[in-house]
A.B. asks: 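Encoded as structure tokens, here's the structure I'll be asking about.
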Amino acid sequence: MLYKEYLQHELDKWLQEQNIDFHTQPGWVDFSKELSFGDYSTTLPLNLAKILKKSPGQIANSIVPALSSAFFEKIEATPNGYINFFLHPDHLIQQLREANADPIHFLSTTTGAGKKVLIEYVSCNPTGPITVANARGGPIGDTIANMYTLFGYHTEREFYVNDMGSKIRKLAESVFYHIQLKLNGSAALPEEFYPGEYVQEIAEAYLQEDKPSVLTLDRQQAITLLSQYSLEFMLRKIFLDLDDLHIHFTQIFRESELHKGYLAETIQLLTDKGATYQQEGALWFRSTQFGDDKDRVLLRKDGSPTYLAGDISYHRNKFERGYDRIVDIWGADQSHQKPLKFALRLLGFDEEKLLTVVFQLVHLFKDGQELKMSKSTGAFISLRELIDEIGPDVTRFIYLTRSHDQHLNFDVETTKSHDPKNPVFYAQYAFTRCKGILREARDKGLDLTFIPDTLTFTDQAETDLIRKIAHLPDKLFRAFELLSPHLITMDLIDLGNTFHLFYEHCRVVDLQNPETSQSRIFLVQVLVKIMTALFQLLGIDTPERM
RNA sequence: GCGCCUGUAGCUCAGGGGAUAGAGCAUCUGCCUUCUAAGCAGGUGGCCGGGGGUUCGAAUCCCUCCAGGCGCGCCA
């Protein structure tokens with residue numbers, strides 16, 4: 001149940017009845033700052049004071065009588081002008097029962113029913129292993145996609161492969177070098193070269209597969225062959241690494257698909273709009289017309305399309321596939337957002353449908369020194385190394401604790417030491433404690449399927465936990481609106497905290513007090529279901545024991 | 001120089017113009033004969049980068065300065 005939405009609606013209704021030409025703003029109904037202020041609070045009276053020329057306290061007093069509702073036990077106007085809403089205990093228990101019956105339905109809404117969303121993420125260049133830096137889009141994109149699914153959207157997850165660019169050729173040149181070195185004992189270093197160890201790995205894998213010796217081919221043919229091979233090799237590795245983080249795609253889109261006339265057609269469409277011009281042998285997009293810093297090249301002197309031209313075509317294709325919403329998860333080093341959106345507007349697409357989540361880059365430190373990562377120098381920490389050191393759960397959790405527009409800094413040493421104080425364990429431990437309680441209950445012969453007709457909760461720690469559960473739908477919806485998975489992570493830590501408190505205060509399995517025991521077992525079972533759903537959203541495991 | 005992001009406790013970070021600025025970690029003090037102490041309770045710790053402005057009210061919005069990151073290719 002989304003109480004914020006409900007309350008905002010009620011307040012707007014009151015404003016209308018009073019003929020006050022004023023509309024509430026989303027932030028005006030929010031969770032109360034502390035438990036003594038109830039569950040939800042509004043600052044509407046404070047905002048009305050000036051218009052109505054009355055004190056906020058007076059206004060609060062005049063609104064309260066109009067707001068009676070079965071959901072709330074108490075609606076209180078404070079002298080300083082807040083209105084605090086206290087959820088009714090009976091209603092809270094009703095919410096618990098609903099959460100138990102169908103946790104997914106309890107947590108979500110059907111906002112996206114019948115709608116289609118495409119979400120594209122990671123899409124790293126297959127010119128090397130996926131690194132700690134470019135993997136960040138993985139957990140973010142995957143969790144956002146999970147949220148869309150939760151809220152009823154038909155969700156497609158896409159990985160875009162740049163299989164046409166010069167960087168693939170550079171990789172092939174590098175692999176070719178190693179093959180020549182291996183077979184001939186010597187080779188000329190190509191002008192463009194990737195120094196990483198993985199390049200040798202590709203060369204060795206190629207030779208092991210008993211391929212016809214590339215050395216008999218002319219250079220051009222050899223490079224073409226090796227481009228293909230290296231690309232597929234790296235893609236397999238990337239998807240294997242992502243698989244360990246439980247990241248999967250419903251489809252892969254290859255840039256080469258666009259080069260069968262679609263890209264040329266897209267450029268023609270832009271030209272038809274008068275948005276391109278020829279200069280110095282290249283075809284330019286007149287993006288300054290829309291406020292861009294400078295015009296952008298679409299077709300180079302040699303006639304080959306730029307990355308931007310490809311991406312405009314790719315997004316045109318996304319739009320033409322008919323989604324209600326298109327989400328791009330981009331690293332901060334992607335700089336062509338502006339001209340891309342200009343082009344799409346020009347092509348007649350609704351920009352509002354396209355949401356771009358830009359995440360800031362990852363910075364690694366060791367002994368206080370930043371480790372600079374670069375594929376071209378071969379210096380980087382691969383995602384694989386990180387997963388091997390700290391496991392997939394901690395890896396995902398680290399990526400998901402920070403807001404995407406926050407730089408992600410972490411120290412290699414502290415992260416590699418598998419620190420048991422990592423916050424992911426705090427939340428997971430709460431979960432395993434729940435599971436421990438249920439095991440104990442079962443061992444003592446209690447019936448876990450039994451749901452009492454009357455549930456009684458008297459301890460403060462119990463009601464606090466129940467209230468936290470009741471607030472979750474609002475919290476999740478907020479995380480969804482903002483496409484901010486890290487808020488879910490925070491909620492899990494918060495929920496864990498409230499549970500640990502409950503655990504200390506309230507003995508659950510207690511044969512001397514069967515009624516209290518049954519109510520608490522029910523509560524723990526609901527919590528298990530809720531936490532499972534939240535961990536699933538984050539793609540993090542729910543261990544039985546730790 | 002221009003554009004985007006950031007600056008909040010010792011560290012990593014939450015915080016939708018409103019009530020006394022929060023969490024985890026670290027540190028100090030207590031708590032295991034009871035469902036896992038990877039926990040709980042309590043203490044220490046803050047000119048919310050500086051300055052100005054808007055407002056009844058600013059960590060939050062605007063301007064400016066300082067500091068850091070990223071981008072500013074006929075690379076992808």
Side-chain angles (χ1 to χ4, degrees), chain A residues 4 25-30 32-34 36-37 41-43 45-47 49-50 56 78 80-82 84 123-125 127 162 164-168 170 255 280-284 292-294 296-302 304-308 310-311 331-338 358-361 363 370 376 398 401-411 414 419-430 432-441 443-444 478 481-482 486-487 489-490 493-494 496-497 499-501 503-510 517 520-521 524 545-546:
Chain A
K4 286 194 197 180
Q25 306 226 340
W28 292 356
V29 178
D30 208 345
S32 301
K33 280 194 78 171
E34 18 176 301
S36 62
F37 296 151
S41 303
T42 180
T43 57
L46 293 151
N47 293 290
K50 202 169 190 177
T78 71
N80 56 350
Y82 290 85
N84 295 327
S123 300
C124 57
N125 268 322
T127 54
N162 306 120
M164 293 297 286
S166 61
K167 300 221 162 160
I168 290 294
K170 180 175 163 184
E255 186 188 351
E280 293 167 8
L283 186 77
W284 294 71
D292 202 1
D293 303 343
K294 56 191 162 206
R296 313 280 172 163
V297 172
L298 294 175
L299 292 176
R300 302 186 187 95
K301 234 180 281 181
D302 66 3
S304 62
T306 58
Y307 181 78
L308 175 64
D311 218 32
D333 54 345
Q334 297 281 312
S335 57
H336 63 290
Q337 196 181 150
K338 263 190 188 173
V358 176
F359 61 88
Q360 296 301 309
L361 298 189
H363 301 284
E370 181 167 1
S376 36
I398 286 173
T401 356
R402 285 137 178 103
S403 161
H404 55 78
D405 54 15
Q406 187 75 235
H407 299 271
L408 177 52
N409 303 314
F410 57 89
D411 191 281
T414 53
D419 189 355
K421 291 293 182 190
N422 192 303
V424 68
F425 298 127
Y426 184 82
Q428 280 184 325
Y429 184 53
T432 57
R433 275 181 145 182
C434 289
K435 297 299 275 190
I437 290 170
L438 297 181
R439 271 196 305 273
E440 174 75 10
D443 291 348
K444 290 264 169 75
R478 173 92 180 127
E481 275 182 319
L482 295 178
H486 75 281
L487 295 175
T489 314
M490 298 292 159
I493 291 172
D494 192 39
N497 179 266
F499 168 77
H500 285 309
L501 224 133
Y503 186 91
E504 297 292 329
H505 281 85
C506 303
R507 175 76 200 181
V508 177
V509 182
D510 182 2
S517 210
R520 288 178 177 171
I521 287 170
V524 169
R545 298 165 199 269
M546 283 172 79

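Predicted model only: the values in this text are computed from it and were never measured. So you know, we letter chains A, B, ... as the sequences are listed, proteins then strands, and number each from 1.
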A.B. asks: Distance between the C1' atoms of B/G52 and B/C13, in whole angstroms?
C.D. replies: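 That atom pair is separated by 29 Å.
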A.B. asks: Would you mind pulling out the nucleotide paired to B/U27, Watson-Crick or G-U wobble, both distances under 3.5 Å?
C.D. replies: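 The answer is B/G43, by the H-bond criterion.
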A.B. asks: Whole angstroms only, please: what is the NE2-P distance between A/His500 and B/A41?
C.D. replies: 10 Å
A.B. asks: Does a side-chain N or O of A/Gln406 approach OP1 or OP2 of B/A14 to a distance below 4.0 Å, or not?
C.D. replies: yes
A.B. asks: State whether A/Asn47 places a side-chain N or O below 4.0 Å from either non-bridging phosphate oxygen (OP1 or OP2) of B/G17.
C.D. replies: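 Checking A/Asn47 against B/G17: no side-chain N or O falls below 4.0 Å of OP1 or OP2.
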A.B. asks: OP1, OP2 of B/A38 versus side-chain N and O of A/Arg433: anything below 4.0 Å?
C.D. replies: no
A.B. asks: Identify the nucleotide, in any strand shown, that forms a Watson-Crick or G-U wobble pair with B/A59, with both distances under 3.5 Å; if there is none, say none.
C.D. replies: none
A.B. asks: Just N and O in the side chain of A/Asn497: are any of them under 4.0 Å from OP1 or OP2 of B/C40?
C.D. replies: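 Checking B/C40 against A/Asn497, a side-chain N or O does come within under 4.0 Å of OP1 or OP2.
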A.B. asks: To the nearest Å, how far apart are A/Leu308 CG and B/C72 C1'?
C.D. replies: 14 Å
A.B. asks: Have a look at A/Thr43 and say if it touches a base, only the backbone sugar-phosphate, or nothing, with a 4.0 Å heavy-atom cut-off.
C.D. replies: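 Base contact.
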A.B. asks: Within this structure, what is the CZ-to-P distance between A/Phe359 and B/U6, rounded to whole angstrom?
C.D. replies: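 Rounded to whole Å, this separation is 15 Å.
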A.B. asks: Classify the side chain of A/Lys50 versus the base of B/C56 as yes if they form a donor-acceptor pair under 3.5 Å and no if they do not.
C.D. replies: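 Counting by modelled atom types and ignoring angles, no donor-acceptor contact under 3.5 Å is found here.
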A.B. asks: Consider the side chain of A/Arg507, meaning its heavy atoms from C-beta on, and name the nucleotide among B/C70, B/G24, B/U34 that approaches it most closely.
C.D. replies: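 That would be B/U34.
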A.B. asks: Expressed in angstrom and rounded to an integer, what is the separation of A/Tyr307 atom OH from B/A76 atom C1'?
C.D. replies: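 Spelled out: OH on A/Tyr307 to C1' on B/A76 is 6 Å.
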A.B. asks: Using a heavy-atom cut-off of under 4.0 Å over every strand shown, decide if A/Lys435 touches base, sugar-phosphate, or nothing.
C.D. replies: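 Nothing, no nucleic acid heavy atom in range.
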A.B. asks: Please give the nucleotide sitting opposite B/C4 as a Watson-Crick or G-U wobble pair, both distances under 3.5 Å, or none.
C.D. replies: B/G69
A.B. asks: With a cut-off of less than 4.0 Å, is there a side-chain N or O of A/Tyr503 near OP1 or OP2 of B/C32?
C.D. replies: no
A.B. asks: Is the phosphate of B/C75, meaning OP1 or OP2, less than 4.0 Å from a side-chain N or O of A/Lys170?
C.D. replies: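 Answer no for this pair, as no side-chain N or O of A/Lys170 is under 4.0 Å from OP1 or OP2.
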A.B. asks: Side chain of A/His407: nearest nucleotide among B/G68, B/A38, B/A23?
C.D. replies: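 Taking heavy atoms from C-beta onward, the closest nucleotide is B/G68.
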A.B. asks: What's A/Lys444 touching, base or sugar-phosphate or nothing? Going by heavy atoms closer than 4.0 Å.
C.D. replies: nothing
A.B. asks: Can you tell me the distance, in whole Å, between the NE2 atom of A/His505 and the P atom of B/G39?
C.D. replies: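 Those two atoms, NE2 and P, are 17 Å apart.
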A.B. asks: Looking at A/His486, does any N or O in its side chain come under 4.0 Å of the phosphate oxygens OP1/OP2 on B/G15?
C.D. replies: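 A/His486 to B/G15 OP1/OP2: side-chain N or O found under 4.0 Å.
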A.B. asks: Using both distances under 3.5 Å as the test, list the Watson-Crick or G-U wobble partner of B/A9, or none.
C.D. replies: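 B/A9 is paired with nothing.
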A.B. asks: Does A/Arg300 place a side-chain N or O at less than 4.0 Å from the phosphate oxygens OP1/OP2 of B/C75?
C.D. replies: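 A/Arg300 to B/C75 OP1/OP2: side-chain N or O found under 4.0 Å.
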A.B. asks: Which is true for A/Glu280 with a 4.0 Å heavy-atom rule: it touches a base, it touches only sugar-phosphate, or it touches nothing?
C.D. replies: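 Contact class for A/Glu280: base.
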A.B. asks: Hey, does the side chain of A/Lys301 come within less than 4.0 Å of B/C74's phosphate (OP1/OP2), counting only N and O?
C.D. replies: no
A.B. asks: Paired with B/U20 by Watson-Crick or G-U wobble geometry, both distances under 3.5 Å: which nucleotide is it?
C.D. replies: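 By the stated definition (distances under 3.5 Å), nothing pairs with B/U20.
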A.B. asks: Within the pair A/Lys33 and B/A19, is there a side-chain N or O less than 4.0 Å away from OP1 or OP2?
C.D. replies: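 So the side-chain polar atoms of A/Lys33 do come within 4.0 Å of the phosphate oxygens OP1 or OP2 of B/A19, strictly under.
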A.B. asks: Does B/A76 pair with anything, Watson-Crick or G-U wobble, both distances under 3.5 Å, and if so, with which nucleotide?
C.D. replies: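 Partner of B/A76: none.
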A.B. asks: Look at all strands and tell whether A/Asn84 reaches a base, only sugar-phosphate, or nothing, counting heavy atoms closer than 4.0 Å.
C.D. replies: base
A.B. asks: Nearest to the side chain of A/Glu440, which nucleotide is it out of B/C35, B/C74, B/A76?
C.D. replies: B/C35
A.B. asks: For the base of B/A76, is there a side-chain donor-acceptor partner from A/Thr306 under 3.5 Å away?
C.D. replies: no
A.B. asks: Identify whether a stacking contact exists between A/Phe37 and B/A19, where the ring centres must be under 5.5 Å apart and the planes under 30° apart.
C.D. replies: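 It does: the two rings, one from A/Phe37 and one from B/A19, meet the stacking criterion.
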A.B. asks: What is the distance, rounded to the nearest whole Å, between atom CG of A/Asp405 and atom C1' of B/C70?
C.D. replies: 13 Å
A.B. asks: Name the residue closer to the 5' end of RNA chain B, choosing between A/Pro305 and A/Arg296 according to the nucleotide with the nearest heavy atom.
C.D. replies: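 By nearest-heavy-atom nucleotide position, the 5'-most residue is A/Arg296.
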A.B. asks: Between A/Tyr426 (OH) and B/A26 (C1'), how many Å, whole number?
C.D. replies: 16 Å
A.B. asks: Taking for each residue the nucleotide of RNA chain B bearing the nearest heavy atom, is the 5' side occupied by A/His404 or by A/Thr42?
C.D. replies: A/His404
